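Please read these numbers as outputs of a predicted model, since none were measured by experiment. Chain letters run A, B, ... following the sequence lines, proteins first, then strands; residues in each count from 1.
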Amino acid sequence: MTEPSVALATKANMVEALNRGLHEAMAADDRVVVLGEDVAKTGGVFRVTAGLLDRFGEERVVDTPLAEAGIVGTAIGMAVYGLLPVVEIQFDSFVYPGFEQIAVHAARYAWRTKGEVPASIVIRIPYGGGVRMPELHSDSPEALFVHTPGLKVVCPSTPQDARAMIVAAIQDPDPVIFMEPKRIYRAGRQELPDEPALGDGNGTGTKHLSTARRAREGDDLAIFSYGATVPLVLDAAERLSLELGVEALVVDLRTLYPLDVEAITGAAAHCGRALVVHEAPRSAGIGAEVSSLIHERVMLDLEAPVGRVTGYDAPFPQFANEDDYLPSVDRIFAGAKKVLDF
Amino acid sequence: MTEPSVALATKANMVEALNRGLHEAMAADDRVVVLGEDVAKTGGVFRVTAGLLDRFGEERVVDTPLAEAGIVGTAIGMAVYGLLPVVEIQFDSFVYPGFEQIAVHAARYAWRTKGEVPASIVIRIPYGGGVRMPELHSDSPEALFVHTPGLKVVCPSTPQDARAMIVAAIQDPDPVIFMEPKRIYRAGRQELPDEPALGDGNGTGTKHLSTARRAREGDDLAIFSYGATVPLVLDAAERLSLELGVEALVVDLRTLYPLDVEAITGAAAHCGRALVVHEAPRSAGIGAEVSSLIHERVMLDLEAPVGRVTGYDAPFPQFANEDDYLPSVDRIFAGAKKVLDF
Amino acid sequence: MSEILRIIGNGEDLDDREVPDGLAEKDLVELFRGLVLLRTFDERAVALQRQGRIGTYALYWGEEATQAGALYACEDGDWVFPSYRQNAIGILRGVAPSTVLAWWRGYGGTHGFWNPRDHRVGPICVPIATHLPHAVGVSWAAKIRKDRASALTWFGDGATSEGDFHEAMNFASVFKTSTVFFCVNNQWAISTPISRQMASETIAQKAVAYGMPGVRVDGFDPLACWKVTRDALERGRDGGGPTLIEAYCYRIMPHGTADDPRLYRDESETERWKKLEPVGRMGSFLRRLTILDDTKEEEIRAEAKETIAQAVRDMEAIAHPGQEILFEHVYRSGRPWNFDEALDELGSVERPAEVKPLGPPTSPGAGAEGKTQ
Amino acid sequence: MSEILRIIGNGEDLDDREVPDGLAEKDLVELFRGLVLLRTFDERAVALQRQGRIGTYALYWGEEATQAGALYACEDGDWVFPSYRQNAIGILRGVAPSTVLAWWRGYGGTHGFWNPRDHRVGPICVPIATHLPHAVGVSWAAKIRKDRASALTWFGDGATSEGDFHEAMNFASVFKTSTVFFCVNNQWAISTPISRQMASETIAQKAVAYGMPGVRVDGFDPLACWKVTRDALERGRDGGGPTLIEAYCYRIMPHGTADDPRLYRDESETERWKKLEPVGRMGSFLRRLTILDDTKEEEIRAEAKETIAQAVRDMEAIAHPGQEILFEHVYRSGRPWNFDEALDELGSVERPAEVKPLGPPTSPGAGAEGKTQ
Ligand SMILES: Cc1ncc(C[n+]2csc(CCOP(=O)(O)OP(=O)(O)O)c2C)c(N)n1
Ligand SMILES: Cc1ncc(C[n+]2csc(CCOP(=O)(O)OP(=O)(O)O)c2C)c(N)n1
Ligand SMILES: [Mg+2]
Ligand SMILES: [Mg+2]
């Protein structure tokens, strides 16, 4: 049993943090198994599962045939038997063939069994654009799962959260769609505490999967985001401060279902102005839900309608144009200004 | 070549109207083919495709093997060759196995071929609850398609519109997700004009797939809905009028993507109060999108936040409780009152 | 490969074969009891549907051998995964028949569902072929945990067309799981005949694609069904991997209570098959073996009748579930905040009048004539 | 079934067989020209990737016989549907090589895509096995329209695990479409060996599940690939339905430019297979037949080199597409209103600096090392 070097590093980027969380969860509970395409021998195309095969053996870390419905479906069966499978979907769009198993079974197994046998699986999905990949390696399908009752949908934006959240997701009895912002997989490093804990030290267990995080304090404008756009929002917030003297409160949603409604309405009401940012398409996306929640609950506290800066309702472009598609600091800044100037 | 009796009736319910539209489209253009599970010999479990086999033969009206990805995928291939396939998905939830083909191919074929070869298919989906069916026969997945760029998503609520819209959808070069509210398949009859036309006589062709319809005039509250909830909204509007003297303007959205933004914001601004009603789950649903659009564009004209009366973020229940799940006239009335009392 | 195993004759031109090793007299009676119980449930359910006391129902009349025969071959620790067509299989494993009836009445929660771990019986699966990977996953997990359990799953001829069938078969063969794929080839998928479903001569030969044994059996013969299943389970337990069983039979009845097969098939063909139906056939066989006589059969039938009658009473004693059921058991880890808000909203309006399963929907439309599960 | 057709020997222990009927000298040279052009494209694309002039690239070095050989068997009216691995196949049908290179450079619209109807070449398909039903649909449509066209589609050994493979095979067999399923069994799916992909001894035997012929061929032998494809197309056109071809070979190269096979396989095995690669082998064969000599081969190679060099120049002459490309060609029927609003928003902010295909993303993260298509 050798710990891979990656897990020993104290400062970790998101890939290493996820890897560390997986090592910890597998070591803590021998019901945890990992399966997916190319996850074992090579440790995954992004190396998130590196070292698991050597340490936990090929019964618990499995390279599967190339069939996403089969992967998700057999993982559900394993969960029914009592295991805690963690599935890797190689890239975002490749979750679509598994959609039926997720929607009709993963999401409904607890409900269909009097709460006794939830489909205790975690489906890890490296998602989103910005890494210059060919077609269909850059989708952001999280809203599809948010709109599918019975799932939890989460998305970390920092190494610390990634590590804490993957451990919590595995321990959570319910099926968790775990969105991994591949664009910031190696963006920066953070110290990882000895025990998995969320970045703001918020509680443990299921709390890890239901609370948003204030990533920046401010009084003038609340900006909500998650995943790969959080660092961009923080950059835009700095620019707002420098150029306009506007202090933005930045909320990293972290959990997309169920949303942390109090954190959201609290921040929006506090600032009186709000903006939502994500890279998924706009129509019926998370931004629409956040915007609706805010208006429904605290419209009277608002001085402007909630703005949205999002990906477009067009297919994710070939990568030479992906920077046009993705919300940039400039677009976030402009979107914020629009809300401020209202 | 015998016209089936169903198509001869002048007054038609929605099933008959759709059937008539299919007959017309197939007669007008021999590139139109119909395929799906049990659509030919029996005319479909809801009889929407009745009589087509006898009239157009088994090369153009095809009972397929039981495989939704295969049905959608081969239909895309047929469209690439130049046919105009109309696919029936037997019930809502059974579109999920076809989701990958829809999202990665139907939605992107035009884009991927310089606009030259759109996947000219229509995917008919009888959807929604209220007909006392076992599990997974009552889902409302339209928002999944609205959030998938490259598709058109439409949903009629009257026989006239159903007939005009199915003809327009077939003639439209783009892939159309055609949601059929099975609950009101046989709700009432309407005169069908000789030429397919939308209920309000609005233009032709693509217009049929991009405009909303005012189903009731009013000045006090705009209610937006589509499909099976439209008649309920109209009932609630009558009650609002009788009991509270409130006149609701009812907008049947008809096209869910792209939304008729002018009709929506116009009606909301006109009334100053608005409500969205659908039976699909709430989070990241069409209601969220409509609500966001209204707030973003005409918040200053609003006297209250836009309300939402929707299905819940829980699995569609076993049918003994479906009336609890579905928006009822009472719930719509209560939702309207909340907006009015704000 | 295309040899169809048959043990029970028809008392006429088809000869009886030897009762397979491993089945004592007691077992034969027990197996017959299972067949009769399933039959009784099914006939009663159809009657209940006609009376509007349950909703549309997927009857399995004639397919009891594929169910009771195969199940009888399972050890208690083996898991089974039924489709809607084997909806009542759980009652042979301890699931209350009233629970299954309640499911068809549209009840959820504690009334219409069961805990699969209590009886190693998966939930009734509605979307075609989607439960096959679950059976693979269960037997794979058992293998990982070094447990003895196998898994068996039933599905139809139509189900073999779905991608999930293929992916499940492939996973099982690659990971050599102890899984029995029991295909009930009743030759119809609603109105679609098998000739339109596939171009292969048999379903069993599909096993070749996975380097897996594929066997054919008379699906109206409970002993033959028992035998092929027992052999498959033994092979699986010994590390021999999965097996595909094709139980060749016929869908004697309509697809469901809303279906009219006269619209799409020749019912004289149906009559021919009906003569081979398993309950009468097994009864005659046991008489030929003098294991059964009128008294004994009457006793078994009466017992079954009473069990199901009681189940109907139990089902009807269940109060119509309250609206809180919508939000129960969705998440094991606790209720999200919006569920409470939803309940508040629901509670604030008058509840729709309690509905009979087939009472007119309170919706404006009504009357879609769905024919399927 | 498991006999592997081979025509070209290796000049050593493997004997040459007779050139199949239907291939004149001219054809052999033409076919060789195709192989060389594909090889030249591939090698150049790898170099371009290394230089950062295109993005991550899925090379096909060694698989040219499966592509050019099969294509040469097609009539002009037949359709072909490539996966990412056959990304350049279109250049043998009239697609501009610069268009294919531009695709890998991340260009869309008129630069990186083509009209499939112009050349009967489907778009490059990235999601595994999803293009198989399209090939079936095209050949089915042709059948309905009483046209002569068949369809051929390439896919890998890994692709056979997907449900779409199964559903496409089944539809083709049921509707007896003239479809050729050409499986390039290079024995690897990224890091996953075929032994982990399936338990069947061969891929060809999967055809049994569909009552379809399944044949095996040496995937490094262009003439053998031509022959089995020609036979399959003829059978298909004669109403004999689809065929599954298993082209047995080896993925000599990494999965893509970001992959390092040393992490997961023994590269001495690779070296063994490399000796059988098709371009050199066909060249030697033609020399043995005295159809080719140094001058001729030099001429063919020079021609290919110039074609590709010109393609590179053409690709590099394309201006970086403007942001309006995001909204072009999404709908054939016209642009929805929100596209115009989106363009307004985009136009109102400064455009991100023009990026080189592999230049650092302007995102905060950077550096994900995706290895796949
Ligand atoms: C994914 C999916 N598609 C369609 C249906 C609708 N449907 C219910 S039963 C059935 C036919 C099934 O035939 P078969 O597999 O032969 O089983 P049988 O009904 O004969 O037992 C169909 C199409 C479904 N339940 N699930
Ligand atoms: C649906 C889907 N899942 C996963 C992937 C990621 N992926 C790209 S290539 C590949 C391996 C394919 O192997 P094979 O089918 O043998 O083709 P080869 O690459 O060997 O040509 C995988 C898993 C994908 N492109 N699509
Ligand atoms: Mg059947
Ligand atoms: Mg391969």
Could you please state which residues from residues 135-148 of chain C sit under 4.5 angstrom from chain D, measuring non-hydrogen atom to non-hydrogen atom, sorted by number, or 'none'?
none
Charged N to carboxylate O under 4.0 angstrom, [X] versus [Y]?
X	Y	answer
D:Glu267	D:Arg262	no
C:Glu269	C:Arg272	yes
D:Asp231	D:Lys227	yes

Check: [Y] and [X] side chains under 4.5 Å, non-hydrogen atoms:
X	Y	answer
C:Glu75	C:Leu233	no
D:Ile89	D:Trp154	yes
C:Arg251	C:Glu63	yes
D:Leu263	D:Ser191	no

In terms of side-chain heavy atoms, does C:Ser83 have a donor or acceptor partner in C:Gln86 at a distance below 3.5 Å?
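Side-chain D/A pair, C:Ser83 to C:Gln86: present.
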C:Tyr264 and C:Asp259: side chain donor to acceptor below 3.5 Å
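C:Asp259 and C:Tyr264 do have a side-chain donor-acceptor pair below 3.5 Å.
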Which residues in residues 166-185 of chain D have any heavy atom closer than 4.5 Å to a heavy atom of chain C?
D:His166, D:Glu167, D:Asn170, D:Ser173, D:Val174, D:Phe175
Contact class of C:Gln197 relative to chain D, heavy atoms under 4.5 angstrom
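Contact with chain D involves the backbone of C:Gln197 alone.
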Whether C:Phe155 and C:Phe165 hold their rings parallel, tilted or perpendicular, with breakpoints at 30° and 60°
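If you compare the ring of C:Phe155 with that of C:Phe165, the planes turn out tilted.
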